[in-house]
Amino acid sequence: MDFPLNDEEKGKPLEELRLLGLAVDATNRGVLILDEDRRIIYTNRAFTDLFGYARDEVAGKRPSEFLPGTNTDATTFERLRRGAWDNQVVHGDTLLYSKSGREIWVSASVSPIKDNDGAVTNLVIVLVDITETKQIQNLQRIVLEAVASGLPLRGVADLICRQVETISPEVYSSMLLVDDEGRLHPLAGPRLPKEYSASLDGLRIGANVGSCGTAAYLAKTVVVTDIDTDPLWENHKSAVLPLGFQACWSSPIKMRDSRVAGTFAFYYKEKRGPSALHMELVSACLHLSMLAIETDDARHKIAQLSHFDSLTGLPNRQSLYDKAADLLPVEQGKETAFFALDLDRFKDINDTLGHSIGDRILIEAAYRLQKLTHPRSIVSRTEGDVFMIVVPDCNVSRASALADHILEELRAPINVSGLSLSTSASIGISIAQEQMAPEIFAEQAVSAMQQAKLAGRACYYFYNPEQNQIAKDRLILGNALRSAFGTESINLVYQPKVRLKNLELVGVEALSRWNDALLGEIAPGKFIPLAEEIGQIEAIGYWSLREACRQMALWRGEGVAVPNVSVNLSPLHFLNRSLTAFIEGVLAEFQLSASCLTIEITEGVMVGQNQESLATAMALHDIGVALSIDDFGTGFSSLSRLAKLPVKELKLDDSFVRNIEEDPNAQAVATAVISIGHSLGITIVSEGVETEKQAGLLERLGCEVAQGFLFGKPMRAHELEAYLMHRETRLSRDAD
Ligand code: C2E
Ligand code: MG
Ligand code: MG
C-alpha cells in the first residue's frame, strides 16, 4: 500500500502503519488527506465508493476543484476549507457531488496535523454520508410548511406519500383514515390504482383485515412480507395480488391520546420487509401525519365554533344569514317567514336559579323549536335567549299557525333539577315576499318582537301592519270556527250529480256551508284551509260524514230517492287509521249500506303514495265505500297509477269543463281522461257544467255523469227534496 508518511511517522514500525492503513480503508467514512498545498495525497476506499473517483483521479487535486457543485452552500464550504488551516478542528454538513453528479450530503470534519513547531502540515478530512437523514429532514420541512400554510389534510397526505416515493422509489405508499366507527377511508396513495383505494373505503378494521385494517385494529405495526401466504390477507389478497403487490407494511397513526386515527403503509412489488431507511421514513411520517390530522381536526373545530352555537348546537347568526339566502323567495308568489323569538323573563331565571338551569332551558327550547319546524327550516340561536327561525314557503296564515304552536309548545313544563319550569316567548315575524338581504328581514322580525314584548309578552306580532291585520282576522275566524260546531251556523248543502243521457240522479255531493252570525257567509275555499291550519279539519270531516249519513237515513225513511252521498275529506284523514272504523260506526248507527257513501279526496292523497293513506284507501274499499278523486287534472297523478288504486270515480276539474268549447287542450285532456277512465272501469264526472253546450260536448266525448249549476246548485236538504219532486214531475211530463 502506498500510504504517505509525514516526517513524524517515518521510522514507525511498518506493521503498525499497515494496520493503520487497513483500518482507515475498512471504515465506511470517506477519508481524505491533504498536503501543505491543500492537495490530495490520500483517499480511502469508502471515499471512492461514495464519490466514484479512483484514488489516482483525485491525487494532487484540491477538494474544492471537484467536490462542491451548484447547490453547495458556499459559506459552509469555505468555513470548512479555511477553518482547519487556522489550526482548529472544524465540523459541518455540506452538500457535495459525486463523479456522476449525484448530490451527496456529508457531515464533514476537518482536522489539522501539526509539526513539532505547531505549523499545520496536513489536513485529515472525514466525510460521513448523511444524505438519507438530510432527505428525511427535507421531507419534514416541506410537510411542516405545507401544514402551516393551511393545505387541506388530503393535500398534506398526498405530499407525504409523494415525498416518500421520491426518496424510496421502490415503495408504494398509502395513507388511510379510521373513522369513529372503525371504518377505513382512503386519504392518499398517489401510485396505487384508484379503484383499489376506492375499494377500501368503508372497510371495517379487524383482527385480520389485511395489513392496514389489522394495524389499525391492534394499534400495532403489521409487517406482511408475503401477502399470498399471510393469513391476515386471506380474505383481501385477491384485490392486491393481481396488481403486482406482494408485501405490505402498515403502521397505525396514533394521536396524542393514543387513539388510532389512520394508517400509513408501504406496499412492495417483491416479498420483503422494510429497510432501515424505510423505518426512519415511516417514523418521521407517522409524526407528520399525526400533526396534519391534529391540525385538520382543530381547523374543523374552529369552523364548527364559528358557525354553530356551542350550547345548543344550532347554527349561529352568521351561519343563519348564509343559509337563509338560499331560502329566500326567488320566484314570485313564494314567501319565506323570519321569526325572531325571545324567551320571556329569561334573565330572571338566570339570576334566581343560576346559569346552568338557564342553559338547560335554552337547550330544551332549541330542541322543541327544531321539533316543530319543517326540516327545510333553519332554527338558529343568534344571541343569549334569542332564537331566529327561517321557514320557507310560509305565508301569513301558516306563520300564525306556527307561532301558535311554538307558544303552546313552550308552555309545556320543562323539568330541570327537580323543578318544573314553563316558559313563554315574544315572537316577531317578518314575511319575505321579495329578494332582499336576510339581515333586513331578520331586523324586521326583531323589531316586531319588541312590539310583542311591549304588548305584554307571550304573543306574536308581524312587522307589516297589513299582515298583522290578516293574522288578527285569522285569529277571529279561527276562534269563530271552533265555536261554530254543533250550532246551526255550520251545515251541509247538497249538489246533484246526474247521468247526462237521461238526467237521472246518481247521487249528491255534500258541501259545507258556514254562515256566522257576526261574520256572515264564509266560503269553504276560505274556512277549509283555515281549519287545516288550526287543526279543526278532522272535526269538520267527522261532522260532515255523520251529518251526511243522518240526512241520507232521513231521506231513506221518507222515500226520497237519493242513491248516494259524497263527502269531501282532507288528506289528513287518510293518515288516521281509525277513519274506517268511524265510517263503519256511522253507517251502522244510521243503518245505511256502504254503497250509499262516496268519499271524495284530492289527487294529492294518492300521488304521494304514502303507505298510511294507501292502507286507508284500501280499507275503505274493503268495507264497500267508494272513493272518488276530486278536481282531477289539477294535481300530478297519472292515469296509469290510478289503475292500481281502488278508485270508483274521477271528477274532471271544472277548469277543463269551463274552457272545453274554445280550448283544444282542455278538450284533449277531457277526451283522454274520459277514454282512459272508461277502459279502467272508472266513472267520469264532469264538474262545474254550466251550459247546455258544455253538457252536449261532454256527452259526445263519452262522459256519463255531470255536476254543475246547469243541473242544480248546492242546496239545503229540504230544497233538494223540492228540486227532486219538481224534476220528477217535469221528467214524467217530458216522457208523456
Ligand atoms: P269541490 O269538492 O270540487 O266542490 C265543488 C265546488 O264547485 C263547490 O264549491 C260547488 O259549489 C262548486 N260548483 C258546483 N257546480 C258549479 C258550477 O256549475 N259553476 C261553478 N262556478 N261552481 C260550481 P264550494 O262549495 O265553494 O266548495 C269548494 C271546495 O271546498 C270544494 O270543492 C271542496 O274541495 C271544499 N269543501 C267543501 N265542503 C267541504 C267539506 O265539508 N270538507 C272538506 N274537506 N272540503 C270541503
Ligand atoms: Mg268535491
Ligand atoms: Mg271538485
Side-chain angles (χ1 to χ4, degrees), residues 481 484-485 489-498 500 506-515 521-551 564-576 579 583 586 597-605 613 626-635 637 647-661 670 673 683-695 698 703 705-717 719-720 723:
L481 182 61
F485 279 103
S489 65
I490 289 199
N491 49 53
L492 287 180
V493 289
Y494 302 89
Q495 186 176 30
K497 287 195 286 187
V498 300
L500 276 170
V506 288
V508 291
E509 177 177 6
L511 294 156
S512 299
R513 290 291 174 266
W514 177 22
N515 199 339
E521 177 99 31
I522 297 133
K526 195 165 179 187
F527 73 81
I528 296 292
L530 174 67
E532 280 178 0
E533 281 165 19
I534 64 172
Q536 288 291 307
I537 193 68
E538 284 201 275
I540 293 188
Y542 289 135
W543 172 83
S544 305
L545 275 168
R546 206 168 170 280
E547 178 61 16
C549 288
R550 191 188 63 83
Q551 185 59 56
N564 184 283
V565 64
S566 300
V567 175
N568 292 281
L569 289 185
S570 114
L572 263 181
H573 289 104
F574 274 71
L575 295 176
N576 189 341
L579 177 70
I583 290 177
V586 174
L597 184 65
T598 298
I599 301 295
E600 290 193 13
I601 40 168
T602 47
E603 282 176 79
V605 175
S613 304
L627 273 188
S628 168
I629 304 283
D630 206 353
D631 305 342
F632 190 81
T634 55
S637 55
V647 170
K648 185 125 183 265
E649 179 185 274
L650 267 190
K651 299 186 83 174
L652 181 64
D653 191 63
D654 56 12
S655 56
F656 299 103
V657 175
R658 202 175 310 128
N659 304 323
I660 198 156
E661 286 163 282
V673 171
T683 308
I684 308 296
V685 180
S686 296
E687 291 188 299
V689 179
E690 294 184 350
T691 68
E692 293 285 357
K693 271 192 173 171
Q694 290 167 343
L698 285 162
C703 176
V705 182
Q707 179 181 345
F709 295 169
L710 177 67
F711 314 105
K713 292 201 167 181
M715 51 198 115
R716 302 292 292 266
E719 291 169 338
L720 186 87
Y723 160 92

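Whatever order the structure lists ligands and atoms in, that order sets their numbers, starting from 1. We use all heavy atoms of the structure for the numbers below, so side chains are in, but hydrogens, waters and symmetry mates are not. These numbers come from a predicted model, not from an experiment.
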Inset, instruction - Please write down residue, atom name and distance for the protein heavy atom closest to atom 38 (N) of ligand 1. - result: Ser512 N, 3.0 Å
Inset, instruction - In plain terms, say whether Glu690 and Arg658 are close enough for a salt bridge, that is, a side-chain N and a carboxylate O under 4.0 Å apart. - result: no
Legend entry - Side chains of Leu579 and Leu569 in contact at under 4.5 Å (non-hydrogen atoms): yes
Inset, instruction - Any chance you could measure Glu521, atom CD, to Ser489, atom OG, to the nearest 0.5 Å? - result: 10.5 Å
Inset, instruction - Return yes when at least one N/O/S atom of Asp653 is nearer than 2.8 Å to the Mg ion (ligand 3), and no when none is. - result: no
Legend entry - Under-4.0 Å heavy-atom contact between protein and atom 32 (O) of ligand 1: no
Inset, instruction - Identify the protein heavy atom lying closest to atom 1 (P) of ligand 1, giving its residue, its atom name and the separation to 0.1 Å. - result: Asp630 OD2, 3.7 Å
Inset, instruction - Kindly say whether Met715 contributes a backbone atom to a donor-acceptor pair with the side chain of Glu719 at under 3.5 angstrom? - result: no
Legend entry - Location of contacts on Pro714 toward ligand 1, heavy atoms closer than 4.0 Å: side chain
Inset, instruction - Kindly give the heavy-atom pair with the smallest separation between Leu652 and Ala670, and that separation in Å. - result: CD2-CB, 3.7 Å
Inset, instruction - Please determine, by modelled atom types, if Thr598 and Asn564 share a side-chain donor-acceptor pair under 3.5 angstrom. - result: yes
Legend entry - Whether Glu687 has an N, O or S atom under 2.8 Å from the Mg ion (ligand 2): no
Inset, instruction - For atom 7 (O) of ligand 1, grab the closest protein heavy atom and report residue, atom and distance to one decimal in Å. - result: Asp654 OD2, 4.5 Å
Legend entry - For ligand 1, the portion of Leu492 having any non-hydrogen atom under 4.0 Å away: neither
Inset, instruction - Could you confirm whether Asn568 has any N/O/S atom lying under 2.8 Å from the Mg ion (ligand 2)? - result: yes
Inset, instruction - Considering only protein heavy atoms, determine whether one is less than 4.0 Å from atom 29 (C) of ligand 1. - result: no
Inset, instruction - Taking atom types as modelled, find out whether Glu649 and Ser628 have a side-chain donor-acceptor pair closer than 3.5 angstrom. - result: yes
Legend entry - Heavy-atom gap Arg513 to ligand 1 smaller than 4.0 Å: yes
Inset, instruction - Look at the side chain of Asn576 and the backbone N and O of Leu572, then say whether any donor-acceptor pair between them is shorter than 3.5 Å. - result: no
Inset, instruction - Return the minimal non-hydrogen interatomic distance between Pro571 and Thr602, and the atom names on each side. - result: CG-OG1, 4.2 Å
Inset, instruction - Indicate yes or no for a side-chain donor-acceptor contact from Gln495 to the backbone of Gly712 under 3.5 Å, with no hydrogens or angles considered. - result: yes
Inset, instruction - Could you check if a side-chain atom of Asp653 sits within less than 4.5 angstrom of a side-chain atom of Glu687, using non-hydrogen atoms only? - result: yes
Inset, instruction - Would you check the N or O atoms of Asn568, main chain and side chain alike, for any that come under 3.5 Å of an N or O of ligand 1? - result: yes
Inset, instruction - Look at Glu509 and state whether any of its N, O or S atoms is less than 2.8 Å from the Mg ion (ligand 2). - result: yes
Legend entry - Proximal heteroatom of Asp630 relative to the Mg ion (ligand 2) (N/O/S): OD2
Legend entry - Proximity to ligand 1 by part of Glu509, non-hydrogen separation under 4.0 Å: side chain
Inset, instruction - May I ask you to check if ligand 1 and Phe709 share an N or O to N or O distance below 3.5 Å? - result: yes
Inset, instruction - For the Mg ion (ligand 2), find the closest N/O/S atom on Glu600 and give its atom name. - result: OE1
Legend entry - Element-labelled atoms of ligand 1 that are located less than 4.0 Å from some non-hydrogen atom of Glu600: 2 (O)
Legend entry - Protein non-hydrogen atom below 4.0 angstrom of atom 12 (C) of ligand 1 present: no
Inset, instruction - Heavy-atom distances under 4.0 Å are what count here, so tell me which part of Leu710 touches ligand 1: side chain, backbone, both or neither. - result: neither
Legend entry - Under 3.5 Å side-chain donor-acceptor pair for Ser566 and Lys497: yes
Inset, instruction - For the Mg ion (ligand 3), find the closest N/O/S atom on Asp631 and give its atom name. - result: OD1
Inset, instruction - Go through ligand 1 atom by atom and flag the ones less than 4.0 Å from a non-hydrogen atom of Ser544. - result: 41 (O)
Inset, instruction - Ignoring hydrogens, tell whether any protein atom lies closer than 4.0 Å to atom 9 (O) of ligand 1; use the non-hydrogen atoms only. - result: no
Legend entry - Sub-4.0 Å heavy-atom approach of Ala523 to ligand 1: no
Legend entry - Gln707 side chain near Ser686 side chain, heavy-atom distance below 4.5 Å: no
Legend entry - Taking atom 24 (P) of ligand 1 as the reference point, the nearest protein heavy atom with its distance: Pro524 CG, 3.7 Å
Legend entry - Identified side chain to side chain contact (heavy atoms under 4.5 Å, CB included) counterpart of Ser512 within the set Ile540, Asn568, Asn491, Val493: Ile540
Inset, instruction - Can you spot which of Arg716, Glu547, Arg550, Gln551 makes a side chain to side chain contact (heavy atoms under 4.5 Å, CB included) with Leu492? - result: Glu547
Legend entry - Numbered atoms and elements of ligand 1 in range of Glu690, under 4.0 angstrom, heavy atoms: 17 (C), 18 (O), 19 (N), 20 (C), 21 (N)
Legend entry - From His573 atom NE2 to Ile583 atom CD1, the distance as rounded to the nearest 0.5 Å: 9.0 Å
Inset, instruction - Please indicate whether any nitrogen or oxygen in Gln495 is less than 3.5 Å from any nitrogen or oxygen in ligand 1. - result: yes
Inset, instruction - Would you please determine whether Gly688 falls within less than 4.0 Å of ligand 1 on a heavy-atom basis? - result: yes
